[in-house]
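Note: hydrogens, waters and symmetry copies are ignored here, and every other heavy atom, side chains too, is used. By convention in this document, chain letters (A, B, ...) are assigned in the order of the sequence lines, proteins followed by strands, and residues within each chain are numbered from 1.
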Amino acid sequence: MKIKPKKKFFRKMDVLETIMFIIITLYVFSMLLVLFYALLTSLKHFMDFERGNKLFGLPSTDKQYQYNRPLVVFGMQFGNYLDVFTRFTVDASKAGGGVRPVYFVEMLWNSLLYSVAMSAGSILLQVMAAYACAKYDFKLKNFIYGFVILNMTIPIVGTLASKVDIATSLGLKGNLLGLMVLNCSYTGMYFLVFYGAFKSVSWGYAEAAQIDGAGHLRIFVEIMVPLIRATIFAVFILQFIAHYNEYYTPMIFWPDRPTIAYGLFMFQSSVETGVSAPLKCASALVSAIPMMALFIAFRNIIMGNVSVGGLKG
Amino acid sequence: MEVQNESLREGVKIAEGENENGTHFSAIPQKPKNAMREAKKKEKIFLFFFLLYPVGQALFFYLTINLNSILLAFQKYENGIISFTGDPFFNFRRVLQEIFVTGELWTPMKNSAILLVLNTVIGLPVHIIVAYAIFRKIPGSGFYKIMLFLPNMMSSMIFVISFRTLVQDALPLLLKMDSLKLLDVHRESSFWTVALFGFWLEFSGGLVIYLSAMAGIPVDVLEYGKLENLSSIKEFWYVVVPLIFSTITTYLVIGITKFFTSQGFFFSFFSAYLDPTPFDTLGYVFFARVVAADAGIRNYPYTSAAGLLFTLVIGPLTIIAKTLLEKYGPSEE
């Protein structure tokens, strides 16, 4: 029986590897430090934090901080995490005028809705355009490809005002469908990712299907798309994460339905309004849980299926 | 060439066999000309409907948004409305005056240049080397890969909140310096603190893409390097960089364009300030002037004119950069 040699954790490294190992270790440590500090802060009583003497230490076990507080274990205020659901709120305008508070659960729902819609919409258009360009010869092919390169390399600066103006005029602001029509586009880096993926797929499969009588759409849906499904899924996860974490677009174009990221932005801006640091940190950490779970579940798919070529065009 | 098998699929006779080189072939009899024409027509119809929405949407919004931006640039905000006046170049004059006469845009330009150096000139090589270290499977690379991807996975607001609490509340206490408020809006330190925060947070930028590009390097090329006893520095410089240079070019060109568009993380930390601040960048100034709650539509013509002027600079610049990189960059051979 062949015994597999046990892999050593430390192997011999040369100069560059050693330097990078040290730098990356320090960097990861700094990141863990910041997150650990956020975790520690999230478990403190707001008075404990604001009095200043416990900014670094463990949460105070002082009895006065535990009065009327749920889930206190050795001074750690796990109740702050329950507060996220009731006190992490953002004001949004109501249909009939005035404002209404939007709570965490609604923000989470808005985030999921926004992220799924925007990711799916963009990917659908990018996959379609990339497939046509990679697999068919037609007059506009170079133009469609070149347009992506043009958008990426020569962005027209300062068009936000115009975009908001157009969105308002066309009634695309304030509703998800309008937002999709406005922002889901085939242009962007992931077009190149799909283009590369389709290029690497043999056309032989399509020819075989054509002989069996399959039409162009069927070849696309039933043969070509499944062949690059790993790439599509990886890009979907990446785009989903990016949209979940992005707050500019919802802030400008969908302000009445605050997402988690937008809520966090509003929440962190409210320094002067007495929102405590422990609650802010607890809200931030709770909001990260869905993405952490998603990434851990699909990390191998994400890390191995997205590559982009150059900007030749 | 010998035909070994003939089969019927959907009534089409297909010959299969092996040629002289031993490679498999299958020959489909040529379709008659009118059938070919019919197939081509079907293909055209398919492509037309298939691409109608994706291309139509992109072109429609590209044209309308840019055309509207050009029109806005020549208009003026007066008495609550935007309209054409007798002075169509008013906004352009204002932008140029703010650059060359009053110097109001000098701070944003200086800060944007610093961010360009920090994030592209220094940052880009760092991002590639970090990805390379993970690619080389340094000890703990599996864990580090996840940790390095963390900033992409979590909202930047999580780090902003944590960092702000740490730097603004805890650091002065730790160092017993009450006045050490690095993130106070009107302090010079606010720019550097947030700029370095951005550099820190984007330490492993483009990790997924670089790793995938490196994974695409042929194994035999890397094996040959090992046999030749290439050090990792040499392997990185002579093998990896040339073979992923097209990906690097993409990031480099995008990095250059960010001079006019990057806001760093200033908006995340400070929201929209309409008055001049020490952390103004071109991207931040024009973004804030559009989205600030009390700005309304009054800055639309001005920001559109500035955008148009900057595009006239950035367009040729990126084309030159791209051409030079493609011409003089390392070759795959």
Side-chain angles (χ1 to χ4, degrees), chain A residues 9-10 14 16-17 20-21 24 27-28 31 34 37-38 41 52 55-56 125 128-129 132 136 138 144 152-163 165-166 185-187 211-213 216 241 245 252 261 264-265 268-269 277 280-281 284 288 291 295 299 302-303 306-311, chain B residues 9-10 12 46-47 50-51 54-55 57-58 64-66 68-69 72 129 133 136 138-139 144 147 153-155 157-158 160-163 165-166 169-170 173 203 208-209 212-213 216 231-233 246-247 249-250 253 257 260-261 271 286 290-291 300 303-304 306-307 310-311 314-315 318 322:
Chain A
F9 180 76
F10 276 104
D14 62 20
L16 181 69
E17 287 179 318
M20 287 317 294
F21 175 73
I24 292 174
Y27 174 75
V28 167
M31 184 160 283
V34 170
Y37 185 75
T41 304
L55 279 177
F56 281 105
L125 301 186
M128 286 166 75
Y136 288 91
F138 57 102
I144 293 170
M152 281 173 74
T153 51
I154 313 172
I156 312 286
V157 189
T159 53
L160 181 63
S162 169
K163 195 173 180 178
D165 196 30
I166 293 279
S185 168
Y186 90 87
T187 57
I211 291 162
D212 287 342
H216 293 283
I241 292 172
N245 292 331
I252 300 167
L264 281 177
F265 168 71
Q268 93 89 21
S269 319
K280 279 183 189 174
C281 288
M291 291 309 104
F295 178 73
R299 66 181 185 280
I302 296 170
M303 291 293 189
V306 184
S307 60
V308 64
L311 294 172
Chain B
R9 270 188 241 162
E10 300 270 319
V12 182
F46 164 74
L47 285 173
F50 194 66
L51 291 172
V55 179
Q57 185 274 351
T64 48
I65 289 171
N66 288 317
N68 188 42
S69 191
L72 277 172
I129 296 174
R136 287 279 297 188
I138 55 165
Y144 287 155
M147 289 306 297
M153 197 167 52
M154 296 165 86
S155 168
M157 289 314 301
I158 294 163
V160 169
I161 290 172
S162 312
F163 187 79
T165 312
L166 189 64
D169 300 329
L173 199 83
F203 179 74
V208 173
I209 302 288
S212 295
S231 67
S232 59
I233 297 176
S246 59
T247 305
T249 306
T250 306
V253 171
T257 62
F260 291 105
T261 56
S271 300
F286 294 111
V290 174
V291 302
Y300 285 13
T303 53
S304 299
F310 293 153
T311 304
I314 203 170
T318 47
K322 187 170 160 282

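Only the side chain of A:Ile144 has a heavy atom closer than 4.5 Å to any heavy atom of chain B. Contacts between B:Ala306 and chain A at a heavy-atom distance below 4.5 Å are absent for every atom of the residue. Within the 4.5 angstrom heavy-atom criterion, only side-chain atoms of B:Leu47, from C-beta onward, approach chain A. With a threshold of 4.5 angstrom between heavy atoms, B:Leu51 approaches chain A through side-chain atoms but not through N, CA, C or O. For B:Val55, the parts lying under 4.5 angstrom from a heavy atom of chain A are both the backbone and the side chain. In this structure, chain A has a heavy atom under 4.5 Å from the side chain of B:Leu72, while its backbone stays farther away.
Considering B:Phe260, B:Phe310, B:Tyr300 in turn, B:Phe310 is the only one that fulfils the ring pair (Phe, Tyr, Trp, His ring centres under 6.0 Å) rule with B:Phe286.
Residues A:Met31 and A:Val34 have side chains not in contact (no heavy-atom distance under 4.5 Å, counting atoms from C-beta outward). Two residues are said to be in side-chain contact when any heavy atoms from C-beta on lie closer than 4.5 Å; B:Ile209 and B:Thr250 fail this criterion.
Among the candidates B:Val160, B:Ile314, B:Thr64, B:Asn66, the residue making the largest number of heavy-atom pairs closer than 4.5 Å to chain A is B:Asn66. Listed options A:Met291, A:Met128, A:Met20 were ranked by heavy-atom pairs under 4.5 angstrom with chain B; first place goes to A:Met128. Contact tally against chain A (heavy-atom pairs below 4.5 Å) for B:Ala58, B:Ala133, B:Ser232: the top residue is B:Ser232.
Remark: aromatic rings of A:His216 and B:Phe50 are distant, center separation not under 6.0 Å.
Side-chain atoms of B:Thr318 do not come within 3.5 Å of backbone N or O of B:Val253 as any donor-acceptor pair.
Across all non-hydrogen atoms, the minimal contact from A:Phe265 to B:Ser271 is CZ-OG, 3.6 Å.
Aromatic ring orientation, A:Phe21 versus B:Tyr144: tilted (interplanar angle from 30° to 60°).
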